[in-house]
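See structure below.
Every value quoted in this text rests on a predicted model; they were computed, and no experiment measured them.
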Amino acid sequence: MLAKAHGKISTVHGVVLRNLDDIKLIRELESDLDLDIWRAGLPGVKDAYIMVRPQFKEKFLERLDEAGIQHYVHNKDVVRALDDFEARFNQWKLRRNNDAIYNTYPRYGEIEAYLDRLGREYPNIVTVVNAGNSYEGRPMKYVKISTTNFEDSTKPIYFMDAAMHSREWVTPPVALYTIHRLVEDLRAEDRDLLENIDWVIMPVFNPDGWEFSHVENRMWRRSRSFNASISPICYGADLNRNFDIFFGTFSVSSNPCSDIYPGPFAFSEVESRNVRDMLYLHLDRIQIYMNMHSYGNFILYGFDNNTLPHNVAQLHYVAAAMGAHIDARKMADAPYYAVGNSNYVLYGASGTSQDYAQAIGVPFAITLELPEFDGYNFLVPPEYIEQINTETYAGIAETARLSYLFYRDRL
Ligand SMILES: [Zn+2]
């Protein structure tokens with residue numbers, strides 16, 4: 001079932017990047033040949049992984065050869081990888097029946113039910129809010145966690161969202177685990193996180209895509225809006241190109257079927273509008289905006305257009321501290337995090353929520369690309385969720401503490 005609609009997908013290629021020119025060429029080919037960049041890579045550190053549709057494969061490899069760029073086949077059968085993942089996930093669900101919601105890949109209804117239950121059981125600290133409905137009418141639920149009902153203006157707000165790109169399945173578990181640790185399993189050493197900070201956590205930014213990735217196409221990334229006058233066959237837009245900042249100017253494709261199609265205009269998608277409104281609702285106190293993605297072990301900040309925010313020294317400090325705290329707990333053979341400006345470390349993209357949040361005044365707007373385990377790409381086996389949850393939570397806790405210190409400084 002998950003592999004459905006993938007009959008046309010062929011291969012994923014590893015590309016050995018040497019320098020920024022190679023990255024530029026890849027970005028150019030991305031829109032020309034409708035490439036799906038699974039991993040952007042880092043010159044001299046890690047190769048890029050690029051999925052190519054069969055009709056463009058020959059042209060793609062030709063262009064790499066012309067430029068003298070080395071490449072190899074990383075995954076010769078994507079459909080089989082999807083089937084393997086599905087089999088493994090089904091076994092996991094059977095074996096771990098009734099396991100905690102943050103240790104699996106839940107359906108959207110289960111996530112809603114969990115948030116609602118916390119709202120009922122912990123009414124003094126948890127408030128469940130609907131930010132507005134998604135295109136297909138699902139409530140975009142988030143929790144506000146606070147010991148003072150969000151009324152104490154001396155507290156910073158930590159704003160976190162996940163699953164903006166629906167195929168990045170390992171991101172909602174981290175958001176749910178963070179909620180769990182703050183509400184159901186608050187440990188003595190973490191009391192400050194609950195008492196000093198107000199939290200806004202949205203586990204699924206793109207609920208329509210999330211459900212679609214569970215029942216139709218595991219590799220679905222975008223929203224699910226439809227407008228026949230834009231395209232009679234392709235749905236949705238890339239929500240992380242849809243924000244009103246450098247909109248439509250770089251790392252986008254005008255092809256409505258592309259995974260980096262930004263939409264017809266900024267904030268054309270109701271999901272990005274809803275999150276924008278959430279940001280403005282709390283803007284006076286949001287200290288951190290944490291936008292979670294998978295995968296690649298990156299902690300990134302703006303701006304994507306080759307300029308730096310005025311507070312970049314502090315911003316880098318917070319981002320690097322996060323990486324260090326996660327890496328201290330990582331699995332021995334897992335990669336280390338790379339930290340820096342998104343355009344420098346990875347690639348600049350226009351219309352991102354990270355840049356938008358930074359530009360409207362959030363001091364620390366960060367994109368987190370959760371870990372990768374070689375070969376699994378987006379298909380992180382469920383056995384790894386617990387490890388990713390606990391190590392990432394350590395990084396989140398550290399950034400929360402720093403945000404509190406910096407916020408108190410500001411008052
Ligand atoms: Zn993503």
Side-chain angles (χ1 to χ4, degrees), residues 101-102 111 114-115 118 125-129 131 140-146 150 155-166 168-184 186 190 193-194 196-207 210 239-240 243 271-272 274-283 285-294 298-302 315 318-319 321-323 325-326 352-358 360 362-370 385 388-404 407:
I101 191 164
Y102 48 82
I111 294 173
Y114 175 68
L115 302 183
L118 292 187
I125 50 172
V126 177
T127 310
V128 184
V129 184
M140 291 173 63
K141 283 193 182 165
Y142 66 93
V143 287
K144 296 200 298 187
I145 301 171
S146 173
F150 265 67
K155 291 183 182 182
I157 292 174
Y158 197 116
F159 188 124
M160 180 192 305
D161 62 45
M164 182 186 212
H165 292 143
S166 41
E168 297 167 9
W169 274 19
V170 82
T171 59
V174 173
L176 293 166
Y177 182 72
T178 303
I179 296 169
H180 165 72
R181 285 291 299 266
L182 292 170
V183 176
E184 295 178 298
L186 185 72
D190 284 348
L193 297 179
L194 182 65
N196 295 347
I197 296 157
D198 283 351
W199 297 77
V200 169
I201 304 178
M202 176 178 263
V204 181
F205 187 128
N206 177 9
W210 179 257
L239 295 170
N240 210 26
F243 280 69
E271 293 83 7
S272 45
N274 287 340
V275 171
R276 172 198 62 192
D277 295 347
M278 285 169 69
L279 286 166
Y280 276 109
L281 196 59
H282 302 292
L283 190 57
R285 287 200 289 129
I286 299 174
Q287 190 74 355
I288 293 200
Y289 172 61
M290 185 65 60
N291 179 232
M292 290 202 287
H293 294 257
S294 159
F298 291 106
I299 300 172
L300 308 167
Y301 51 80
L315 179 52
V318 171
M322 178 172 211
H325 274 76
I326 300 176
T352 65
S353 64
Q354 164 212 283
D355 271 0
Y356 186 80
Q358 187 76 45
I360 64 172
V362 174
F364 306 122
I366 290 171
T367 301
L368 177 65
E369 293 279 359
L370 289 171
I385 297 175
I388 294 179
N389 281 347
T390 49
E391 68 179 34
T392 310
Y393 175 75
I396 290 166
E398 178 62 15
T399 52
R401 292 194 169 98
L402 288 174
S403 81
Y404 173 70
Y407 188 76

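Remark: the D190 side chain and the Y393 side chain contain an N/O donor-acceptor pair separated by less than 3.5 Å.
Under the rule for a side-chain contact (heavy atoms from CB on, under 4.5 Å), the partners of H180 that lie at least two apart in sequence or sit in another chain are Y102, Y114, Y177, E184, D185. With sequence neighbours left out, the ring pair (Phe, Tyr, Trp, His ring centres under 6.0 Å) criterion links F298 to no other residue. Shown here are the side-chain contact (heavy atoms from CB on, under 4.5 Å) partners of L281, two or more places apart in sequence or in another chain: Y142. Applying the ring pair (Phe, Tyr, Trp, His ring centres under 6.0 Å) criterion to H293, with sequence neighbours excluded, gives H165. With sequence neighbours excluded, no residue forms a side chain to side chain donor-acceptor pair (under 3.5 Å) with S403. For A397, the side-chain contact (heavy atoms from CB on, under 4.5 Å) partners are L193, R401, not counting sequence neighbours.
Of the residues Q287, R285, M290, the one that meets the side-chain contact (heavy atoms from CB on, under 4.5 Å) test with Y158 is M290. Here the options are T352, I366, L300, N240, the test is side-chain contact (heavy atoms from CB on, under 4.5 Å), and the partner is N291; only N240 passes.
Within the 4.5 Å cutoff, the side chain of S294 has no heavy atoms near those of the I388 side chain. Between P207 and I111 the shortest side-chain heavy-atom distance does not fall below 4.5 Å. Annotation: side chain of T392 is in contact with side chain of L368 (closest heavy-atom distance under 4.5 Å).
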